[in-house]
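Any value given below was found using the heavy atoms of this structure, including those in side chains, with hydrogens, waters and symmetry copies removed. Proteins get letters first, then strands, A, B, ... in listed order; numbering begins at 1 in each.
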There are 2 protein chains.
Amino acid sequence: MARSGISTRERIISAANALFYNDGIRGVSVDAVAEKAGVTKRTLYYHFRSKDDLVAAYLTGRDQPNLALFRQWFTKAEGGLPAKVEAIFRNLARSARHPKWKGCGFLRTSAELANMPGHPAIRIGAAHKKKFEEWLRATFEAEGIAEPLRLARQILLLLDGSFAVVLLHRDSSYMETAGEAAHALIEAALPAGKKRRGW
Amino acid sequence: MARSGISTRERIISAANALFYNDGIRGVSVDAVAEKAGVTKRTLYYHFRSKDDLVAAYLTGRDQPNLALFRQWFTKAEGGLPAKVEAIFRNLARSARHPKWKGCGFLRTSAELANMPGHPAIRIGAAHKKKFEEWLRATFEAEGIAEPLRLARQILLLLDGSFAVVLLHRDSSYMETAGEAAHALIEAALPAGKKRRGW
DNA sequence: CTATGTATACTAACCAGTGAATATACACAA
DNA sequence: TTGTGTATATTCACTGGTTAGTATACATAG
């Protein structure tokens with residue numbers, strides 16, 4: 001167990017993920033993470049320099065899987081570009097109906113730690129959102145959209161807005177409303193030849 | 001001072017407002033609020049039953065002024081409906097450039113306390129956003145827009161999305177991008193006779 | 001003299017981080 | 001094969017500080 005090198009650390013990150021996502025950073029003690037991971041606090045501090053370091057690991061661990069999920073939802077969806085982007089919102093709405101759902105871990109962490117501008121967690125969250133934005137931008141560019149970055153940012157704003165609003169109202173229909181807005185914005189930005197019907 | 005009845009309580013709420021907005025709920029101790037207000041903790045607990053009660057008072061105190069500001073920005077702006085709504089985003093972008101700006105207190109509180117669904121702070125935040133949504137809806141309805149509630153929610157999503165994104169990236173230009181998206185969505189929803197030019 | 005309001009001093013729990021010791025496993029020498 | 005050193009990994013027990021909330025007493029106004 002010890003020398004496998006990966007198991008204990010991974011178990012701690014997994015425990016941190018469950019607890020931090022559910023209760024927030026300051027709402028979870030290092031002791032609680034250690035207990036959930038089945039190790040002593042001292043062991044946790046062997047693998048992570050500090051609580052902040054653990055928080056950074058928690059968010060880093062969510063980065064790639066999260067992006068992969070969005071890409072998968074987009075890829076698997078049928079229809080044109082607007083419909084494929086809208087599918088991301090619809091899938092997210094489905095996720096948001098699960099009782100354990102609590103919004104976007106990156107946004108919630110950045111909101112909680114907003115008074116610590118240089119905090120690693122905020123840099124990781126910002127990088128995560130930039131990756132998503134860049135993926136959208138490249139996708140739009142490939143479809144011949146005129147201002148792909150601007151449109152990507154508008155979609156991102158709708159997405160992150162729906163995280164916040166759905167978390168507040170516990171009403172996932174806002175996510176579908178955001179998807180419809182995204183659909184409309186993309187449809188309007190499509191080059192003439194690719195629209196469903198010209199006018 | 002004592003029997004004036006309002007001064008001490010108001011000073012405590014004012015201190016709570018500054019501290020909670022800046023550092024978050026769990027990041028601020030009751031002692032810190034009491035010290036900033038210039039009273040002892042026991043006095044604070046005379047005026048407020050608990051910390052949660054104080055948090056509720058903090059958010060309640062932000063409700064009306066916040067809404068009034070939005071309405072004022074809308075009313076004072078020149079141009080048609082799309083431009084007047086966009087003006088809200090532009091004014092917000094200006095606010096967001098101030099170094100003490102830290103996003104929307106309602107959203108940040110609801111994100112921090114997401115694991116306490118019935119918490120008064122979340123109910124107050126939800127009510128605040130509903131009021132804004134309803135004001136927008138009524139405004140759109142008065143302009144003859146076909147699905148005013150849907151459009152109001154789309155604008156709200158862009159607004160709250162820009163709170164989250166600008167807080168994360170510390171880049172207020174996202175707020176202007178959101179305003180442009182809002183402009184486009186409203187323009188497209190305007191009844192034929194009120195558009196700048198028909199087609 | 002009683003309501004309201006304020007202060008001093010306290011509790012019991014919690015929290016991030018550490019000191020010192022111990023256990024395990026692998027490399028390498030005999 | 002056996003012994004031994006060393007880096008990795010883990011535990012127990014602790015510290016100093018903070019926290020929400022309270023028991024008690026005192027002041028002041030009507």
Problem set entry | Any donor-acceptor N or O pair under 3.5 Å, side chains A/Asn22, A/Lys100 |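 Note: A/Asn22 and A/Lys100 side chains miss the donor-acceptor criterion.
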Exercise. Does any donor atom in the side chain of A/Ser173 or A/Asp171 lie under 3.5 Å from an acceptor atom in the other side chain?
Worked result: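 A/Ser173 vs A/Asp171: donor-acceptor pair found between side chains.
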Exercise. Rounded to the nearest Å, what distance is computed from the CZ atom of residue A/Phe48 to the P atom of nucleotide D/dT10?
Worked result: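 Those two atoms, CZ and P, are 11 Å apart.
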Using OP1 and OP2 only, check whether a side-chain N or O of [X] sits under 4.0 Å from [N].
X       : N      : value
A/Tyr46 : D/dT10 : no
A/Thr8  : D/dT10 : yes
A/His47 : D/dT8  : no
A/Thr43 : D/dT10 : no

For this session: Report the base-pairing partner of D/dT28 (Watson-Crick or G-U wobble, both distances below 3.5 angstrom), or none.
Result: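 Result: none.
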Problem set entry | Base-pairing mate for D/dT10 - Watson-Crick or G-U, with both contacts under 3.5 Å |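 Pair assignment: D/dT10 / C/dA21.
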Anything under 3.5 Å between a donor and an acceptor, one on a side chain of residues 71-82 of chain B, the other on a protein residue two or more places apart or in another chain? List them.
| residue | atom | partner | partner atom | Å |
| --- | --- | --- | --- | --- |
| B/Trp73 | NE1 | B/Asn91 | OD1 | 3.4 |
| B/Thr75 | OG1 | B/Arg71 | O | 2.8 |

Exercise. Would you call B/Arg90 and B/Glu86 a salt bridge, taking side-chain N to carboxylate O under 4.0 Å as the test?
Worked result: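 Salt bridge flag = yes for B/Glu86 with B/Arg90.
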Exercise. Is B/Glu134 paired with B/Lys131 through a side-chain N to carboxylate O contact shorter than 4.0 Å?
Worked result: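 A salt bridge is absent here (no side-chain N lies under 4.0 Å from a carboxylate O).
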For this session: May I have the step-by-step check of side-chain contact (heavy atoms from CB on, under 4.5 Å) for A/Phe20 and A/Arg108, ending in yes or no?
Result: CA-CA 10 Å; A/Phe20 284 147; A/Arg108 274 179 57 219; over 6 Å; no
Problem set entry | Letter per nucleotide, 5' to 3', of nucleotides 12-19 of chain C [B base touched, S only sugar-phosphate touched, - untouched; heavy atoms, 4.0 Å] | ---SBBBB
